[in-house]
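To start, the structure itself, in structure tokens.
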Amino acid sequence: MPFIPHTEVETQSMLASIGVEHIDSLFEEIPPSLRASPVDHPLDGLSEMEVGQLMRERATADDHTLCFAGGGAYQHHIPAAVWELATRGEYYSAYTPYQAEASQGTLQLLYEYQSMMSSLMGMEVSNTSLYDGASALAEAVLMAVRSNRKAKSKRILMPVTVHPIYRKVVSTLVRHQDIDLVELEYNSATGTIDPDSLQLSEEDPGYAALVIPLPGYFGTLEAVHKLTDWAHEHGMLVIATVNPVAMATLTPPGEWGEKGVDIACGEGQPLGIPLSSGGPYFGFLCCRQSLVRQLPGRLIGRTRDLEDREGFALTLQAREQHIRRSKATSNICTNQGLMVTAATIFMSLMGARGLEQMSQGSHLNTEKLAQRITAIEGVKQTFKVPFFHELVVTLPQSASGVLEQLAAEQIVGGIALQSHYPELENGLLICATELRTDAEIDHFATVLERVLC
Amino acid sequence: MPFIPHTEVETQSMLASIGVEHIDSLFEEIPPSLRASPVDHPLDGLSEMEVGQLMRERATADDHTLCFAGGGAYQHHIPAAVWELATRGEYYSAYTPYQAEASQGTLQLLYEYQSMMSSLMGMEVSNTSLYDGASALAEAVLMAVRSNRKAKSKRILMPVTVHPIYRKVVSTLVRHQDIDLVELEYNSATGTIDPDSLQLSEEDPGYAALVIPLPGYFGTLEAVHKLTDWAHEHGMLVIATVNPVAMATLTPPGEWGEKGVDIACGEGQPLGIPLSSGGPYFGFLCCRQSLVRQLPGRLIGRTRDLEDREGFALTLQAREQHIRRSKATSNICTNQGLMVTAATIFMSLMGARGLEQMSQGSHLNTEKLAQRITAIEGVKQTFKVPFFHELVVTLPQSASGVLEQLAAEQIVGGIALQSHYPELENGLLICATELRTDAEIDHFATVLERVLC
Amino acid sequence: MLIFERSEAGRFNSAQRIAGQESQALRLEGIPQAMRRKNSLQLPEVSELQSVRHYTQLSQKNFSIDTHFYPLGSCTMKYNPRGCNTLAMLPGFLGRHPAGSEQLGQGVMASLYDLQEILCEVTGMKATSLSPAAGAQGEFAGVAMIRAYHDARGDETRNEILVPDAAHGTNPASAVMCGYAVKEIPTNSEGDVDLDALRKVVGPQTAGIMLTNPSTLGVFERKIEEIASILHQAGGLLYYDGANLNAILGKTRPGDMGFDVIHINVHKTFSTPHGGGGPGAGPVVANERLAPYLPIPMVGEEKIGGETIYRWLGEEDCPQSIGRLSAWSGNVGVLLRAYIYARMLGTEGMERVANYSVLNANYLMKRLQKAGFTLAIPQRRATHEFIVTLKREAKELGVSAMDFAKRLLDYGHHAPTTYFPLLVPECLLIEPTETEDRETLDAFVEAMVTILGEAENSPDQVKGAPWTLPVRRLDDVRAARELDLNWYQRD
Amino acid sequence: MLIFERSEAGRFNSAQRIAGQESQALRLEGIPQAMRRKNSLQLPEVSELQSVRHYTQLSQKNFSIDTHFYPLGSCTMKYNPRGCNTLAMLPGFLGRHPAGSEQLGQGVMASLYDLQEILCEVTGMKATSLSPAAGAQGEFAGVAMIRAYHDARGDETRNEILVPDAAHGTNPASAVMCGYAVKEIPTNSEGDVDLDALRKVVGPQTAGIMLTNPSTLGVFERKIEEIASILHQAGGLLYYDGANLNAILGKTRPGDMGFDVIHINVHKTFSTPHGGGGPGAGPVVANERLAPYLPIPMVGEEKIGGETIYRWLGEEDCPQSIGRLSAWSGNVGVLLRAYIYARMLGTEGMERVANYSVLNANYLMKRLQKAGFTLAIPQRRATHEFIVTLKREAKELGVSAMDFAKRLLDYGHHAPTTYFPLLVPECLLIEPTETEDRETLDAFVEAMVTILGEAENSPDQVKGAPWTLPVRRLDDVRAARELDLNWYQRD
Ligand SMILES: Cc1ncc(COP(=O)(O)O)c(C=O)c1O
Ligand SMILES: Cc1ncc(COP(=O)(O)O)c(C=O)c1O
């Protein structure tokens, strides 16, 4: 019996202690009409050896691809120590640290995470994760609406340069709160929001918050300072949704404009989390200290024990569902703790300098990629503006068709933009992190060239 | 500076504490004539990311082969928990447990290993490893010669069915001790030693020990009971060299003949150690309790602490080089501890029943393989006798040529016997462990068939 | 000691430098000055050994399944097979970009598809979406689906979700996120939903009810068919909170009980690790009625020629879907672990999970009862968990459930869930799970008995606990009052 | 608690059953009855969780580099980079059968070849064989090569190997295994080999000398060139025990000192893990003279067309080789870790290793000296390690080096090597390694000073140590007298 330790003898003696004869008697309270009938497709249990054979075959089928896609998920270098440590049983098989004294490992680590992530974002406070970057943005929107009591409006200004799927997720998650997501178009020459085009008339009901992405989905750099100041002037809160690796090089949200943003969130995956078909990743969410009581998710506080020693514990739990129930800041309970464990170890191993190098290396490699790809006949850089580690190129033919041909050669060639941005018909979003070698970039370009002609 | 924590400031202040200005001054005692000149081929240091790129490429080059070779190294199922636990830093990065109180983890585990390995071999005592199966046999020979004071002879009777490389290793390692390794030929029909052919005349100087392999190198079952009794009758000690997985099915050395063998050794690799191009594996060595003071290698004893609690410590260290120096039972110091850690966890996870199933599964799969392969025209079973999980087949052409062709199709098709056994010109030693599926056996046979015609 | 306190200005773990960046002058002309980071980034500056030693030592301060008995009620802390971890972390799975072509993901997609099928089968439902990242997101999805169903029928007066008072906090919180008002239903002394009370509040304003069965009281809701018919007759739907599915796997199916949609916490029933907080995954499974509203993406199967091809199902395939819950397709790595586990169990193994989790719970309950502890619902059979109430001990001896919990830590057991469900005073919700052996359960009983003795004879021993852990009892009030959430912002 | 005590008859971890064997009746007709196992095999019968929990808990009872400062002299316990482990355990490396065709092993063979080259370069020698499994096997190989050399010249009177009295026990033991008599050479008060004594014993019977440099006394043998010429003039050869290579990497090379053959403990200098006892690897590296005798196999390189092809070199290629030391080609997995480490260091990194290991040792030595500890050889510069002698403390306070060692454990530091080298009474051989930070060294000094204070004021505190570990001091005498080596054979 896989994973069940009971011998027949033990089972019998335990049943005897309980005072029943058969295990089945323990289920006597289930009405007979509800007893499960045999399933239609019974599955044999596999041994670890057999399931290993199956899964190794399947993993091999997906292996050895060369990746030039980003779009919210990036293949960065991950120091080996990160996962060798994070998968230690003591981290891997613990629950949420409800019993603080028996969970100081996880709790201290999470406090360290809060500190590091706040520092990276230039913010005062960080929670210990939400599900992913998309749901973190949704929670940020809900939080902004709750927090901005001055603005009577529940409208949110949402640039179209925010990740298109994030916008859909936000819509799914906030739809029932009477929140209006108002789209803000980008300038078709720059691929960014034009701050000078923003106008708010007197009779405009206003907005609770403006969302600003950095980099924007097209890899470009939004005018974050101007946008932040404009929003603040108009009584809005500012929500940043940013790439954490980029923040080692670019101005972090806490330093945008005069006052910095109010809420910063994003996808934590670039900080030591494998691509893994899209998850598990983790969403981060930071804010000003003054908004902390509106923050969803777990928070760890440093405190003292009976003997005045330092220790760590869950705190401000009154925000959470297990205490506040229907009045909680969010319904989140299980978060993405182990991913945060990995990210914390990752940040400690890379340090500021390593993270900066990763950040800049990705930028420089993407510059190389841009040069090499736009040298191909018929391929053009769509927006001729600065980018961070992604950019859009216009191909001479449909990007999705090209991607399928590249896939046949084990290359993930980027992301086709047409389905989310019909106006960018042949647009392809490409990325080269620090991991991509010159030879790989060259190989990609060569194959692309072949495919295009 | 990879792995060196010193900042420039710290380095300076440490130098100041020492009272020198430059690190180079610390090397002033090295005569100037000996200062190293710049090397001919300076190597740039690689970051973990770069060396990762290099090694992943190299590992991929060797990946995805289908293995039908044995010959002392077997691809068995290894439960995932084995290496997830064995590579925990506390095991992985500890030294030999000289400070017992700070090494109870390793020490207790090794005591458990000694117990399990003794049980598997049906012997009283096991050491905690030697380098590998071959050197373990050499140590067994040295031990037998030291132990058998009655036999005046330093001759060892060594059947040719003992692994041919083991015989070479024994020769390398015992050569300087005036020990004679006397070869014992096999019966060309059965591929085994014929016990009835053994004769010892009156004037024969006798032997210190007889070595008995099980299975023999050709995968066959030697007449271990008769051979053991014959050797004991003639004042020899008996050394068994056995496959540990086979011992879950076959009679273990402690039960051979009337009295069981005196020394049992072998290669521990089948117990949870990956193939890994031949190492690290580990040699095991067991003996009668009465011979324990002649045993080489570390031994762990169960004892008590000051408060009468159970504890574990290195014991009988007077056998070892760090105490006895030139009079030690062996020069071994570092052994294969981590491999034994893995093997112990492996045995606990498999249990007797799992190990028996692995053992029998390998036997049954090899029977299937034999049937399928000998059904190919021109391929014959060389020795028509019972085998365990390996057998010799005679091909219609040179085995080494065939193996190269199979390699081109990513199949490791066995081991060619000709170089060690010129009389088995086209002989191929093949093996199918429990891991080989029917489909894989069939694929192998199909490709072999194609190659042969 | 914090990692920051090990930091030294200028120290750099250069093994993790990025190729080429060390020597190259930074060439950031492409990035306008105004956009560059000005205040330099502060992170700990430690060597690799310092980091490895720090996080190894820290880990040892945790209790976990791999080190301790962890009978945390409602959380199903059973053995997380290491094989699931190793196989889910094969390079082929870890390296796949989520936007990669379906051609390059058939291995993982086949596994996800199979898992969808298994979850349908084990719950008696029609279709599965794997995308919710945890139970609470599954709840949101399920309730949103209920809402989408009513909306699609133009039935827009329904603005209430019913939730028993024993429910987990996520239930009301999720209902509110879906725009519903929450109405609590009382539980009767037998631990069942009070049917009279239920009948009174059900009406045309009722969108649905959220139930766990077995409930968080550790008993099976026997009147579930009646509840279903009350709801369905009133036009409301039934949501099944799958947190307690472990108790009934292969025994009875939510679909047969009359539920319309359920979530499954794979980090409970399917033994994916909880990782000190997450990640989990909370697949939602729906019957015919609600299947069209499942969140996207899902995995579909097509037979082309002899071959099976898997593909993502999105908006075009599922036009009535409530939409997307995450940027990609949920916690795939977690789902792979759940899939591997499910395959190792097989159909028979699932029923065994229920059998032995319930056996262990009833055994432990009986032994504790015999040892003098008061059960919350003594007249009922336990399911996979049960409740001890220490009301008497708290009153007579001044030793609370929390004190018991902390003292258990000293004896090497993680504490059960405390003070949940809210309606039972001074309670311990105890869930041993099927992967614990009898010796361990016996040791737990022994510890409980010892603590009871201490509570009677030397109560300070219990009230001052824990004594042997890295810290003594922590000051939660101070943590909340003198907020210290960020080392870099400390005073 | 032993794993056997967790065992219960009939328990089976069936997740690890072997496919098909469970249901199939055993079909062992192929195996004669007489050959089948009769007494059924006894192994612990535990569940997977029991095993995982047991070995996880056990591991926590170890000190290790990953958890503690581990200044074990002569053992070079520095950080074992996790990257080396992860990369050496890539499936492509782990899965390769050693008898597989060279075609299918070019990845691993390229790495081994490169490592051979690196080791030649760093030692100033001609050729490397990677096959010895540890230092001691390297010693055996080296001395056997010396013997093969003399034999090949028909020089058969040489039957002695010289070994300084400070030498590691493996040196004399290895010489004896090669059939030599061992003659000890005394060390002078400066820590150098006594040259007069050496000159006296060198003669036509001298096959060679085995030396470490820096010696196990932690000082550099300054007269090494003279020693070499004394030996060489007498027709003897020089063996270099590479255990202390860490101190001179990139600074000076054994080849330049006049050594003919050396071994390298890659589990010291090249930071492969020691695994609680092993495995290590002990490559032997030889100069022109001894290269022909190196053990097989080695890896050779051939350029065919533009391509480089690696192949195994065996008996045919190396007819004068001393032969094989192991069934295959040594501890390949360990060698891969060493190779990865060497590549990460690069040439400059190697010299940095020497620089900082020597800096740390001298710093620690100076601080301990200032704190009142007696150095064995105070007048010399330390290399990567140094010796404190507690002779005075033992005599005056009755507190031995062993007591100090045990008390250090209470303060969270692994003890230095005790009572080695044998010629220094009550000694601690202290090797901090280059990967430890200054704070850690300072903490060690502080602990030593505290213990010294305790030794003066409350010596029982020290003599009774350790107090805080899983066990108090263990009874070694009882362990040897009442031998208990096997749980199944216990009384
Ligand atoms: C009864 C019950 N419902 C819902 C949840 C929420 O699930 P999750 O933590 O996966 O979001 C939990 C988990 O704690 C639970 O116990
Ligand atoms: C000086 C010295 N020589 C030789 C050895 C033996 O090396 P190994 O343990 O690798 O066999 C050691 C290791 O302890 C040593 O310190």
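Numbered from 1 within each chain, the chains take letters A, B, ... in sequence-line order.
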Whether the side chain of [X] engages the backbone of [Y] through a donor-acceptor N/O pair (distance < 3.5 Å, no angle test) should be reported.
X: C:H97; Y: A:A73; answer: yes
X: C:R37; Y: A:L120; answer: yes
X: A:Y111; Y: C:W487; answer: yes
X: A:D305; Y: C:R472; answer: yes
X: C:Y70; Y: A:Y95; answer: yes
X: C:E434; Y: A:I4; answer: no
X: A:D132; Y: C:A327; answer: yes
X: A:D62; Y: C:V108; answer: yes
X: A:S93; Y: C:P273; answer: no
X: A:S103; Y: C:N62; answer: no

*Side chain / backbone / both / neither for A:R56 at chain C, heavy atoms under 4.5 Å*: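 Its backbone and side chain both get close to chain C.
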Option that, when pairs with chain C are counted at under 4.5 Å, heavy atom only, ranks first among [options]:
options: A:A81, A:A313, A:P252, A:P42; result: A:P252
options: A:E255, A:E10, A:H322, A:E320; result: A:E255
options: A:M350, A:Q108, A:Q114, A:E267; result: A:Q108
options: A:R298, A:E57, A:R35, A:M247; result: A:M247
options: A:S276, A:P274, A:G133, A:S171; result: A:S276
options: A:A248, A:S47, A:S129, A:P79; result: A:P79

What's the spacing between [X] [atom1] and [Y] [atom2] if we round to 0.5 Å?
X: A:S118; Y: C:Y488; atom1: OG; atom2: OH; value: 10.0 Å
X: C:L90; Y: A:D63; atom1: CG; atom2: CG; value: 8.5 Å
X: C:F93; Y: A:T60; atom1: CZ; atom2: OG1; value: 8.5 Å
X: C:R253; Y: A:L34; atom1: CZ; atom2: CG; value: 11.0 Å
X: C:L43; Y: A:S119; atom1: CG; atom2: OG; value: 5.5 Å

_Heavy-atom neighbours of C:E348 CD exceed 12 at 6.0 Å_ =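 Open.
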Would you please say whether a donor-acceptor pair under 3.5 Å links the side chains of [X] and [Y]?
X: C:Y55; Y: A:E112; value: yes
X: C:N486; Y: A:Q289; value: no
X: C:S101; Y: A:E404; value: yes

*Looking at residues at least two apart in the chain, or sitting in another chain, which of them share a ring pair (Phe, Tyr, Trp, His ring centres under 6.0 Å) with C:Y356?*
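With neighbours one apart ignored, the set is A:H6.
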*For C:R478, check side chain to side chain contact (heavy atoms under 4.5 Å, CB included) against everything at least two apart and list the hits.*
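Checked C:R478 against side chain to side chain contact (heavy atoms under 4.5 Å, CB included); matches are A:T303, A:R304, C:D475, C:E482.
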*Does A:E29 pair with C:R380 as a salt bridge, N-O distance under 4.0 Å?*
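Judged by the 4.0 Å cut-off on N to carboxylate O distance, A:E29 and C:R380 do form a salt bridge.
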_Derivation of the salt bridge (Lys or Arg N to Asp or Glu O under 4.0 Å) call for A:E28 and C:R381_ = CA-CA 8 Å; A:E28 66 206 352; C:R381 193 63 85 199; 2.8 Å; yes
